[in-house]
Number of protein chains: 2
Amino acid sequence: MHDRRHHPIGTDVETLMGQFHAYLEKKQLKSTRQRDLIAQKFFSTDGHMSIEELLHLSRSENPRIGYATVYRTLKLLTECGLAALRRFGDGQTMYETAGDTEHHDHLICIECQHVLEFQNDDIEREQERVARSFGFNLVRHRLELYGLCPRARGIKGGWCPADEAALRKGD
Amino acid sequence: MHDRRHHPIGTDVETLMGQFHAYLEKKQLKSTRQRDLIAQKFFSTDGHMSIEELLHLSRSENPRIGYATVYRTLKLLTECGLAALRRFGDGQTMYETAGDTEHHDHLICIECQHVLEFQNDDIEREQERVARSFGFNLVRHRLELYGLCPRARGIKGGWCPADEAALRKGD
DNA sequence: ATCAGTGCAAAAAGTTTGCACGTGC
DNA sequence: GCACGTGCAAACTTTTTGCACTGAT
């Protein structure tokens with residue numbers, strides 16, 4: 001019930017769980033109830049999640065989950081490339097579902113704080129060119145655009161496209 | 001002696017100090033020895049600086065400078081747009097000289113950790129277009145490219161353009 | 001049965017704040 | 001002289017770690 005994803009890039013929860021388990025196995029680590037629950041919750045929400053959000057989500061199903069376990073699990077997910085740390089300008093620390101990490105950038109409304117994802121091939125291409133021009137091999141990038149959404153700008157009937165994403169967290 | 005800047009965009013230290021003083025005056029704040037020293041050191045190093053680096057630099061001239069004063073001064077500088085907070089992926093928190101904040105992006109070597117600045121108008125233009133296409137008014141952005149510099153890639157005689165910037169900190 | 005994982009609480013790291021004293025204006 | 005600034009230490013916040021106990025293989 002938590003697997004409604006809105007962007008086409010996303011891999012489904014099951015696949016991601018599979019990759020996670022594969023990683024655990026490879027590293028001879030154990031697959032536990034807590035890890036599964038946390039990973040499940042994490043994969044089921046797209047966009048971005050704070051540690052605290054993830055803790056609360058997980059506790060809603062198992063109230064005894066501790067902070068440390070969430071941190072530790074998120075570290076594992078990051079190691080195997082299924083999660084990525086993201087620190088936005090104002091200091092909020094968030095994690096995002098990866099696997100598709102390379103493939104989207106962020107558009108953030110500085111009024112609503114909501115985050116929208118987008119992709120633009122022209123920009124990607126140009127980035128490659130810039131990196132090459134310095135002799136670099138581009139491994140990954142991060143692009144964040146900060147601005148005002150239609151609503152924040154006071155446009156009548158203006159609406160923030162990012163609201164949609166934020167609302168979805170409520171389900 | 002600390003004002004060697006390498007990129008053409010930068011305003012010189014004196015001008016920046018002037019802007020800082022103007023801001024203090026406007027806000028009816030006082031210009032003190034400590035604030036001046038810290039701002040001076042900050043403006044004199046380009047690229048990025050951590051709180052700790054700035055503290056040490058300042059203490060080398062006045063050992064009694066405290067952490068709190070550095071934090072407070074950096075907050076002032078940020079308020080008036082002369083400094084900008086930057087949180088890189090791995091968690092290092094840095095400040096950078098602004099005024100030219102809007103005008104450059106970052107190319108980071110994931111091996112050396114050094115940071116190189118660049119500008120690309122095509123990318124900027126495309127960013128504007130993307131924002132507009134979502135109905136956003138673009139206020140600012142942040143672009144970071146992570147990759148491997150020539151040296152890190154093991155190219156013979158390969159050198160990391162970012163080294164230059166890092167070396168300059170030593171003066 | 002074994003050894004890694006968990007939960008808790010304590011510790012560490014990073015940042016902010018309260019307060020007595022100092023200092024620009 | 002007064003109000004704001006400073007330095008120090010304490011408080012907070014966020015993340016990590018140590019340890020006794022639990023649980024997956």
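Because the structure is a prediction, the values reported are computed rather than measured. Chain naming here is simple, since letters A, B, ... match the order of the sequence lines and numbering starts at 1 in each. Computed over heavy atoms, backbone and side chain alike; hydrogens, waters and symmetry mates excluded.
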*Asks:* What residues form a side chain to side chain contact (heavy atoms under 4.5 Å, CB included) with A:Thr78, not counting sequence neighbours?
*Replies:* A:Ala83, A:Tyr95
*Asks:* What's the shortest heavy-atom distance between B:Leu24 and B:Lys30, and which atoms?
*Replies:* CD1-O, 3.8 Å
*Asks:* Specify the closest pair of heavy atoms between B:Leu37 and B:Ser58, including all atoms of both residues, with the distance to one decimal.
*Replies:* CD2-O, 3.5 Å
*Asks:* For the helix from C:dA1-D:dT25 to C:dC25-D:dG1, how many degrees between its two end axes (five pairs per end), to the nearest 10°?
*Replies:* 30°
*Asks:* Measure CZ/B:Arg59 against C1'/D:dC8 and give the value in whole Å, please.
*Replies:* 11 Å
*Asks:* If a protein heavy atom is under 4.0 Å from the base, mark B; if only from the sugar-phosphate, S; if neither, -; do that for nucleotides 15-25 of chain C going 5' to 3'.
*Replies:* BBBB----SBS
*Asks:* Mind calculating the distance between NZ (B:Lys27) and C1' (D:dA3) to the nearest angstrom?
*Replies:* 17 Å
*Asks:* Rounded to the Å, how far apart are B:Ile65 CD1 and D:dC8 C1'?
*Replies:* 14 Å
*Asks:* Expressed in angstrom and rounded to an integer, what is the separation of A:Glu25 atom CD from C:dA4 atom C1'?
*Replies:* 15 Å
*Asks:* I'd like a table of donor-acceptor pairs (distance under 3.5 Å, sequence neighbours excluded) in which one partner is a side-chain atom from residues 64-74 of chain B, with atom names and distances.
*Replies:*
from    : atom 1 : to      : atom 2 : distance (Å)
B:Tyr67 : OH     : B:Glu52 : OE1    : 3.3
B:Thr73 : OG1    : B:Thr69 : O      : 2.7

*Asks:* Could you state the atom-to-atom distance from NE2 of A:His21 to P of C:dG5 in whole Å?
*Replies:* 13 Å
*Asks:* Expressed in angstrom and rounded to an integer, what is the separation of A:Leu77 atom CG from C:dG5 atom P?
*Replies:* 14 Å
*Asks:* Between atom CD in A:Glu52 and atom C1' in D:dT13, what is the gap in whole Å?
*Replies:* 10 Å
*Asks:* Regarding B:Arg125 and B:Glu128, does a basic nitrogen lie under 4.0 Å from an acidic carboxylate oxygen?
*Replies:* no
*Asks:* Among all residues two or more places apart in sequence or in another chain, which pass the side-chain hydrogen bond (donor to acceptor under 3.5 Å, both in side chains) test with A:Gln127?
*Replies:* A:His141
*Asks:* Who passes side-chain hydrogen bond (donor to acceptor under 3.5 Å, both in side chains) against A:Glu79, sequence neighbours left out?
*Replies:* A:Tyr23
*Asks:* I need the CZ-C1' distance between A:Arg35 and C:dG7, as an integer number of Å.
*Replies:* 14 Å
*Asks:* Can you say whether the rings of A:Phe118 and B:Phe134 are parallel (under 30°), tilted (30 to 60°) or perpendicular (over 60°)?
*Replies:* tilted
*Asks:* Do any N or O atoms from the side chain of B:Arg142 and from the backbone of B:Arg86 form a donor-acceptor pair under 3.5 angstrom?
*Replies:* no
